[in-house]
Amino acid sequence: MKKAIYPGTFDPITKGHIDMVQRAVKGCDELVVGVARSTPKNVWFTTEERVELVRDALSHLVNVEVCVFEGLLVDFARKMDAGFLIRGVRAFSDFEYELQMALINRKLAPEIETMFLMPAEEYGYVSSSRVREIAALGGDIGRYVTPRTLQALKDKIASRKETKDTPRRSAAGG
Ligand code: COA
């Protein structure tokens with residue numbers, strides 16, 4: 001029984017991630033998409049929002065489970081009884097970082113293998129932060145995210161704008 005973890009921040013999930021999951025499920029019996037709760041990244045979406053969008057985007061796939069994880073990725077993989085970690089390498093620039101991560105994870109958990117997959121060319125340059133940036137500047141991101149994620153991004157941008165535009169009251173009430 002081959003069980004693998006596809007981890008990420010998914011802030012938000014893009015069609016590039018969906019493409020990776022669709023490729024990964026071909027090679028394993030069970031795939032767990034691990035949504036990282038704590039991340040050094042300045043995320044737009046809460047963990048619950050990110051999980052909800054991931055679940056929605058992958059609802060057409062069987063043998064795919066979406067879980068939140070905290071702490072070390074290898075500890076999560078062990079807890080889930082998964083023998084493989086799936087990562088995508090989009091460009092040469094990804095390679096060094098991915099190699100480092102894979103080797104550290106191997107030192108931490110020698111029994112767990114990292115497997116790399118190549119994304120579809122059309123998503124080779126997509127990342128969550130690029131998608132957020134283009135959306136925030138009013139660009140069309142419909143080809144990179146699902147309709148549900150597109151709406152969530154629009155709502156998030158509107159609420160962030162509202163928060164920014166609302167004048168803060170001083171402690172004195174002014
Ligand atoms: N399609 C679209 N976008 C993709 C992609 C693909 N195929 N592959 C990667 N990306 C994007 C991601 O959306 C992300 O974009 P962003 O930086 O704009 O958010 C970026 O490329 C990859 O970021 P990266 O930091 O490599 O991965 P991540 O944020 O998705 O996940 C974790 C990183 C959570 C897997 C990693 O931090 C982790 O394992 N944390 C747990 C702690 C731990 O074990 N640390 C030790 C590890 S050595």
Side-chain angles (χ1 to χ4, degrees), residues 4-28 31-51 53-58 61 64-80 82-137 139 141-146 149-150 152-153 156-157 160:
I5 308 275
Y6 179 52
T9 308
F10 305 109
D11 186 44
I13 184 164
T14 67
K15 286 191 180 171
H17 295 124
I18 299 169
D19 168 68
M20 286 294 299
V21 172
Q22 284 170 342
R23 288 173 198 283
V25 286
K26 291 186 205 160
C28 55
L31 183 74
V32 179
V33 177
V35 179
R37 183 182 292 282
S38 27
T39 160
K41 294 181 179 179
N42 194 8
V43 289
W44 275 23
F45 292 94
T46 65
T47 311
E48 288 63 35
E49 288 169 336
R50 286 182 280 132
V51 166
L53 292 175
V54 172
R55 287 212 171 110
D56 180 78
L58 303 177
L61 295 169
V64 175
E65 192 186 347
V66 181
C67 297
V68 176
F69 79 97
E70 282 187 276
L72 285 177
L73 176 59
V74 290
D75 287 344
F76 174 61
R78 278 174 172 154
K79 197 176 101 189
M80 298 304 288
F84 300 90
L85 303 174
I86 306 286
R87 294 291 290 172
V89 180
R90 289 162 302 166
F92 196 68
S93 50
D94 280 348
F95 183 76
E96 203 167 330
Y97 169 78
E98 291 298 337
L99 178 73
Q100 202 180 61
M101 202 155 103
L103 294 180
I104 293 173
N105 282 332
R106 185 189 280 167
K107 271 274 178 271
L108 293 168
E111 77 281 14
I112 298 173
E113 290 295 339
T114 300
M115 296 182 77
F116 294 105
L117 296 177
M118 300 291 164
E121 307 91 87
E122 65 263 43
Y123 304 126
Y125 54 90
V126 179
S127 75
S128 301
S129 45
R130 282 281 165 267
V131 162
R132 291 195 310 269
E133 183 187 347
I134 297 166
L137 296 171
I141 50 152
R143 80 184 72 159
Y144 302 126
V145 295
T146 63
T149 301
L150 181 64
L153 272 160
K156 188 61 76 176
I157 288 161
R160 283 167 70 90

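Residue numbers start at 1 and run along the sequence shown. Indexing begins at 1, ligand by ligand and atom by atom, following the structure's order.
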Hey, does the side chain of R23 reach the backbone of P119 with a donor-acceptor pair shorter than 3.5 angstrom?
->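 No: the side chain of R23 does not pair with the backbone of P119.
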Distance-only, no hydrogens or angles: does the N105 side chain make a donor-acceptor pair with backbone N or O of M101 under 3.5 Å?
->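 Looks like yes, one N/O pair under 3.5 Å.
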Give me the residue, atom name and distance of the protein heavy atom closest to [atom].
| atom | result |
| --- | --- |
| atom 45 (N) of ligand 1 | L72 CD2, 4.1 Å |
| atom 3 (N) of ligand 1 | V126 O, 3.1 Å |
| atom 14 (C) of ligand 1 | K41 NZ, 3.7 Å |
| atom 20 (C) of ligand 1 | R90 NH2, 3.9 Å |
| atom 48 (S) of ligand 1 | M101 CG, 3.4 Å |
| atom 41 (C) of ligand 1 | G71 O, 3.5 Å |
| atom 7 (N) of ligand 1 | M20 CG, 3.2 Å |
| atom 29 (O) of ligand 1 | T9 OG1, 2.5 Å |

Heavy-atom distance from atom 38 (C) of ligand 1 to the protein below 4.0 Å?
->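 It does not; no protein heavy atom is within 4.0 Å.
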Can a salt bridge be assigned to the pair E49 and K156 using a cut-off of 4.0 Å between side-chain N and carboxylate O?
-> yes
Results of ring pair (Phe, Tyr, Trp, His ring centres under 6.0 Å) for F76 - residues two or more places apart only =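 Applying ring pair (Phe, Tyr, Trp, His ring centres under 6.0 Å) to F76 gives F69.
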Considering only heavy atoms, which of I13, L73, I5, D19 lies nearest to atom 44 (O) of ligand 1?
-> L73
Between K107, R87, E98, which one has a non-hydrogen atom sitting closest to atom 26 (O) of ligand 1?
-> R87
What distance do M20 atom CE and F116 atom CZ have between them, rounded to the nearest 0.5 Å?
->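 With rounding to 0.5 Å, CE (M20) is 10.0 Å from CZ (F116).
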Sequence-distant partners of E111, side-chain contact (heavy atoms from CB on, under 4.5 Å), two or more places apart =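 So E111 forms a side-chain contact (heavy atoms from CB on, under 4.5 Å) with R78, A109.
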Considering only heavy atoms, does [X] approach ligand 1 within less than 4.0 Å through its side chain, its backbone, both, or neither?
| X | result |
| --- | --- |
| F69 | side chain |
| N105 | side chain |
| S128 | both |

Ligand-residue contact atoms, ligand 1 with G8, heavy atoms, under 4.0 Å =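 The list of qualifying atoms is 28 (P), 30 (O), 31 (O).
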